[in-house]
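Worksheet: one structure, shown below.
Only a predicted model underlies this, so the values are computations on that prediction, with no experimental measurement involved. Positions are given from 1, in the same order as the sequence printed here.
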Amino acid sequence: MLIQKEEVIANETKQLEESKAPEAPKELDWDDVDQVDLIGLEIGYGLIPLVNPETGGQLLPRVKGVRKKLSAELGFLVQSVRIRDALNLDPDIYHIVLNGVTRGRGEIKPGRELAINPGKVYGELEGMATKEPAFGLDAVWIDPGQRDYARTLGYTVVDPSTAIATHLNKVLRDNAAELLS
């Protein structure tokens with residue numbers, strides 16, 4: 001009995017020492033690394049209808065068109081663009097992200113169209129004055145019913161999906177060297 005009691009005490013002491021011993025650092029694996037997309041488009045929740053084809057969203061085909069055109073012009077396949085909603089953004093804001101770094105920002109007004117002043121127009125439009133996100137030109141957010149009138153005054157009128165795609169095209173073209181690495 002004494003021998004058994006000594007064995008029990010020895011086992012308890014050994015278990016206590018093992019539990020107090022510092023744990024060895026865990027090896028890193030791929031689960032510990034955040035996935036960073038080469039090209040990303042983060043959108044506020046108000047812009048989700050632009051992506052959804054069921055609600056008439058045209059952003060996905062526009063982005064595919066930008067990739068196809070740039071791939072042909074640059075001579076290499078441009079990576080796919082990952083579009084995701086970002087709850088930390090305001091509803092009408094989007095960010096263009098390359099390698100985890102925001103390279104472009106813009107604000108879109110869903111349900112409106114962007115009338116861009118190309119430099120010479122023949123009148124003023126009623127709407128919300130803004131800057132075109134890709135090139136910084138003066139622009140106005142107008143109701144879709146004003147589209148034809150804006151064109152007669154000399155404005156270039158685009159829908160929100162085209163405005164985002166144009167901005168994406170410019171950012172990717174300006175940073176093409178990073179896409180090749």
Atom [atom1] of [X] and atom [atom2] of [Y]: how far apart are they, to the nearest 0.5 Å?
{"X": "L70", "Y": "L168", "atom1": "CG", "atom2": "CG", "result": "8.0 Å"}
{"X": "N88", "Y": "I93", "atom1": "CG", "atom2": "CD1", "result": "11.5 Å"}
{"X": "H167", "Y": "L172", "atom1": "NE2", "atom2": "CG", "result": "10.0 Å"}
{"X": "L41", "Y": "D85", "atom1": "CG", "atom2": "CG", "result": "11.0 Å"}
{"X": "L89", "Y": "H95", "atom1": "CG", "atom2": "NE2", "result": "4.5 Å"}

Co-membership, hydrophobic cluster, residues W141 and L125, 4.5 Å side-chain: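 Not linked; separate clusters.
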Do I164 and V157 sit in the same hydrophobic cluster, where Ile, Leu, Val, Met, Phe, Trp and Tyr count as joined when their side-chain heavy atoms come under 4.5 Å apart? no
Got a donor-acceptor contact below 3.5 angstrom from the [X] side chain to the [Y] backbone?
{"X": "D37", "Y": "I39", "result": "no"}
{"X": "Y155", "Y": "G123", "result": "yes"}
{"X": "D143", "Y": "G145", "result": "no"}
{"X": "T55", "Y": "P49", "result": "yes"}

Below 4.5 Å, heavy atoms only, C-beta onward: do [X] and [Y] meet side chain to side chain?
{"X": "I43", "Y": "I48", "answer": "yes"}
{"X": "T130", "Y": "E107", "answer": "no"}
{"X": "P118", "Y": "L137", "answer": "no"}
{"X": "L98", "Y": "L179", "answer": "yes"}

Nearest heavy atoms of K131 and D138, plus distance in Å: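 Minimum heavy-atom separation between K131 and D138: NZ-OD1, 2.5 Å.
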Could you pull out the closest heavy-atom pair between I96 and V171, with the gap in Å? CG2-CG1, 3.8 Å
If you count heavy atoms of other groups shown closer than 6.0 angstrom to CD1 of I9, is the number above 12? yes
Take a 6.0 Å sphere around CZ of F76 and say whether it holds more than 12 heavy atoms from other residues, nucleotides or ligands. yes
In terms of side-chain geometry, is the basic nitrogen of K170 or E132 positioned less than 4.0 Å from the acidic oxygen of its partner? no
Pair R62 + D159: basic N to acidic O under 4.0 Å: yes
Of all pairs that satisfy side chain to side chain donor-acceptor pair (under 3.5 Å), the ones with a partner from residues 64-81, not counting sequence neighbours: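 Counting only pairs at least two positions apart or across chains, the side chain to side chain donor-acceptor pair (under 3.5 Å) contacts touching residues 64-81 are E73-R173.
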